[in-house]
K.L.:
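Sending over a structure as structure tokens; questions will come in a sec.
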Amino acid sequence: MAQIAQVLVDVPTMQTNRPYSYQIPSAWQSQVQPGMRVVVPFGRGKRRVQGFVLACNDVTTFDGDLKAIDSVVDLAPVLNQEALKLTAWLAASTFSFQITCAQTMLPAVMRAKYEKLLRPTDQTSAAIDDQIFHGQTSVDFDAIATTPAAVSQLLRLQAAGEVEVYYQVKNQARHKTVVGVKAALSVADLKQVETTVRSGAAKQLALLNGLQTLNGETLTQREFSQRFDVSEAVIRTGEQKGWLQKTAIEVYRDPYATANIRPTKPLKLNDEQQVAVNQIVAAVDAPATTTFLLEGVTGSGKTEVYLQSIAAALAKGKTALMLVPEISLTPQMVQRVKGRFGKAVAVLHSGLSSGEKYDEWRRIRRHEAQVVVGARSAVFAPLDNLGLIIMDEEHESSYKQDDAPRYHARQVALWRSQYHHCPVVLGSATPSLETRARAEKGVYQRLLLADRVNRRPLPSVSIIDMKQEMQQHAESNFSRALLVALQDRLERHEQSVLMLNRRGYSSFVLCRDCGFVLKCPNCDISLTLHMDTHTMKCHYCGHEEAIPKVCPNCHSRQIRYYGTGTEKVEEELQNLLPDARIIRMDNDTTRKKGAHAKLLTQFGSGEADILIGTQMIAKGLDFPNVTLVGVLNADTALGLPDFRASERTFQLLTQVSGRAGRAEKSGHVYIQTFNPDHYAIRFAKHHDYEGFFKYEMQMRHQGGYPPYYFTVQITASDLDEAVAAKRMYQLLQWLKPRLTPSTIILGPTPKPIARVNRRYYYQIVIKYKQEPNLEHTLTTLLQETQVQQRQGLQIGIDVEPLHFM
DNA sequence: AGCACGCCGACT
DNA sequence: GTCGGCGTGCTC
């Protein structure tokens, strides 16, 4: 019987990023297993932390007295063998702490909350009890220890044994329960009781009759009350008389009421779709770890290919995982999958409450759900026996997590496909260059859907040169051509969608006399005007202040907002087209839970003529009556110092164009731009992904960028700019001799937004083709900079970063 | 992270 | 002399 547990403790630092050995108390030796959470003492004080058991055995390299596990949190492992292996791989490949990775894979409620408490002892004097405890059994340490003087007093009291410090490790996970009703007496006894009830007590008789029909089963109180027509008060009486027992029945929080979902049937596939399904299903059956690139224009029916492939995996008794970007995870999308697979579907996304996420996670782990649909983190869903992984819109940057662990869901999906020997399907109309290049080399197998379902032609696209427009007409967000088209749609009772490319282009306040721009005091970035709260906000640190009435610099009153936000566009459009009914969708109007869906439903049911929004409207929405799509500012992202700017612009334009003319009516797209000759815009006009791919590959080849090179970004930040810069140059000197000569190191350079939250940022980018020792080198780097990190320097490593700013 | 240990300046 | 500042090392 294993006596020693190797435990990963919940202390995310470089020094503690390894297992610690603990004695397993003999009473628990048969039940502690790898993957369970435990509470262990850690450190010289009385600190207790949560940890994950990685292994159980009888050996340790530690030559000292082992401490014992304090308590066991789980009855069964929450991380299975696959998850434990994945944790180790994820930590190594993203340069993050193992404990952080383990926690990332689980619902947030399973993360422990810690409380440091003070408790009285039997030596506590009346005076201290009066001062600190007021008769309570414990008080929060931090609430009392607010001043240095208070801290030293507490330390003295602790030394004198008058108070005790105690750490409480709290499990946040709560199971939702409803009240159940169960008979407490046998049927015979209940019959006996019936004879003693006063005649005319109809409800009590009904209750007794009802109890007799239960057959020892438990019914929810609600159901019982309805079925036998007895009130809760009567049931309470029955409980008091000892006829019945109330119990707690565990229920799942159901985020989508399954009741009103209409079942859907598989659609007839066209030839291309059928070929794709056949290939995928063959790989599911084999099983083979083939990675497919399913490349299909918008409207070519990729989703139906996914659904029928999933059906084949389920038919084989296997499970399936379907990843979609957060913004595509709309109620329509969920309905479509649930309509096909019903209760077998679990949905994981950020809109769920933490309790709902936990319940969905448990349904998956208990094998009550075989299909999981979810955003990025759903890639960790605890599905056993995986038969198929699908990643829709694989080029979406939201698949990469922005903070530690900086993983890309695609990499995790590929890892899991190796583990389960199952295929992966990467789907997109505009695949990332990396993926498309791998398909070119035969690493991935390419499946092409060139035709739109029903053979609808792609919408025609007009490019509008805003430079000319500006010269000939007054400054406006709307070109004449677009306005005429909008007017035309209003008259024909058709709908329009307008997209404002918000990135780096929101409203800021500018003084027309001296040119002063209101900036964040903590960050090198202008503050954004928010009309809903009437404040200026920083989008990086959250700083908020009042809108200035006079210029803080020259005291002029000519201080106005400048630039274009969705609100301003809406206002201008309403002036230009007073009769139009407009819905605006942006971060402000969709922040509330369910607001997103509500606005889309309103638009879909024809309650508005025009939908204005940011990038969020480009994805997945499918309204047959939309015949016009306008992109107000196509090129705001093109000017950004990022080699992926063209790729993103092309993808966005192609995607938003796909919103026009999805049913019988043909669509038209207007793209307003200041760079009408830019290749990203030219290729988007002709829906020419292949042309764009070839051209962009040349650009990447010349620039030495992915997919020709791999990249790693190292960021250092410090409150003192000189320190950040100096350390970065030292780091460069340290790094150079450890990398192969063909590797290119860019930087150090200050980040384009050099200061965020009072910290100064510098970055180095490593571009390499082959660097076998990179993992080791960078891990060493993190260890060697420990002392500096303690002194306030923050160092971060991002493997294959998606944003270079 | 959080805690103890340990070594220097201004107070009872 | 002691209290308390924070730099350094360690946590099974």
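Quick note on labels: first sequence line is chain A, next is B, and so on, each numbered from 1. It should be emphasised that the depicted structure is a prediction, and the values quoted were computed from it without experimental measurement.
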K.L.:
Given atom CG of A:D142 and atom P of B:dG2, what is their separation to the nearest angstrom?
P.N.:
9 Å

K.L.:
Reading DNA chain B from 5' onward, which residue's closest nucleotide shows up sooner: A:R47 or A:R44?
P.N.:
A:R47

K.L.:
Among C:dC10, C:dT11, C:dC12, find the nucleotide with the atom closest to the side chain of A:Y22.
P.N.:
C:dC12

K.L.:
For A:K46, which contact category applies under a 4.0 Å heavy-atom criterion: base, sugar-phosphate, or nothing?
P.N.:
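A:K46: no heavy atom of the nucleic acid under 4.0 Å.
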
K.L.:
Nearest whole Å is fine: how far is B:dA1 P from A:N17 CG?
P.N.:
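Rounded to the whole Å, the gap is 13 Å.
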
K.L.:
Decide yes or no on side chain to side chain contact (heavy atoms under 4.5 Å, CB included) for A:L321 and A:L386, but give the supporting numbers first.
P.N.:
CA-CA 8 Å; A:L321 176 56; A:L386 252 180; 4.0 Å; yes

K.L.:
Could you tell me whether A:R18 contacts a base, only the sugar-phosphate backbone, or nothing, with contacts defined as non-hydrogen atoms closer than 4.0 Å?
P.N.:
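A:R18: base contact, heavy atoms under 4.0 Å.
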
K.L.:
CG of A:D65 versus P of C:dT11: gap in Å, rounded?
P.N.:
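Going from CG in A:D65 over to P in C:dT11 covers 13 Å.
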
K.L.:
Given C:dC12, B:dA1, C:dG4, identify the nucleotide with an atom nearest to the side chain of A:R156.
P.N.:
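For the A:R156 side chain, the nearest candidate turns out to be C:dG4.
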
K.L.:
Could you state the atom-to-atom distance from CG of A:L155 to P of B:dA4 in whole Å?
P.N.:
8 Å

K.L.:
Just how far, in rounded Å, is P of C:dC3 from CD of A:Q153?
P.N.:
15 Å

K.L.:
Please report, rounded to the nearest Å, how far the P atom of C:dT11 is from the CD atom of A:Q786.
P.N.:
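So the CD-P distance, A:Q786 to C:dT11, works out to 15 Å.
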
K.L.:
Considering every strand and a 4.0 Å limit on heavy-atom distances, what is the contact class for A:P19: base, sugar-phosphate, or nothing?
P.N.:
nothing

K.L.:
Rounding to an integer number of Å, can you tell me how far A:M14 CE sits from C:dT11 C1'?
P.N.:
16 Å

K.L.:
Out of A:L155, A:L118, A:L154, which one pairs with A:V165 under the side chain to side chain contact (heavy atoms under 4.5 Å, CB included) rule?
P.N.:
A:L118

K.L.:
Is A:F62 stacked on the base of C:dC12 when the test is centres under 5.5 angstrom and planes under 30 degrees?
P.N.:
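A:F62 vs C:dC12: stacking yes.
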
K.L.:
So what does A:T61 touch, heavy atoms closer than 4.0 Å: a base, only the sugar-phosphate, or nothing?
P.N.:
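No contact.
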
K.L.:
Measure the spacing between NE2 of A:H408 and CD of A:E800 and express it to the nearest 0.5 Å.
P.N.:
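One gets 9.5 Å once the value is rounded to the nearest 0.5 Å.
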
K.L.:
Does A:Q6 reach a base, just sugar-phosphate, or nothing at all? Heavy atoms under 4.0 Å.
P.N.:
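It contacts nothing in the nucleic acid.
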
K.L.:
Looking at A:R366, A:R363, A:K176, which one forms a salt bridge (charged side-chain N to carboxylate O under 4.0 Å, His left out) with A:E250?
P.N.:
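Looking at A:R366, A:R363, A:K176, the match for A:E250 under the salt bridge (charged side-chain N to carboxylate O under 4.0 Å, His left out) is A:R366.
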
K.L.:
Given A:E434, which partner from the list A:R644, A:R410, A:K400 fulfils the salt bridge (charged side-chain N to carboxylate O under 4.0 Å, His left out) test?
P.N.:
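Testing each of A:R644, A:R410, A:K400 against A:E434, the sole residue satisfying salt bridge (charged side-chain N to carboxylate O under 4.0 Å, His left out) is A:R644.
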
K.L.:
Starting the side chain at C-beta, find the nucleotide from C:dG4, B:dA1, C:dC10 nearest to A:S152.
P.N.:
C:dG4

K.L.:
In whole angstroms, how far is the P atom of C:dC10 from the CG atom of A:D63?
P.N.:
14 Å

K.L.:
Need to verify one output field. Residue with the more 5' nearest nucleotide on DNA chain C, A:Q791 or A:A149?
P.N.:
A:A149

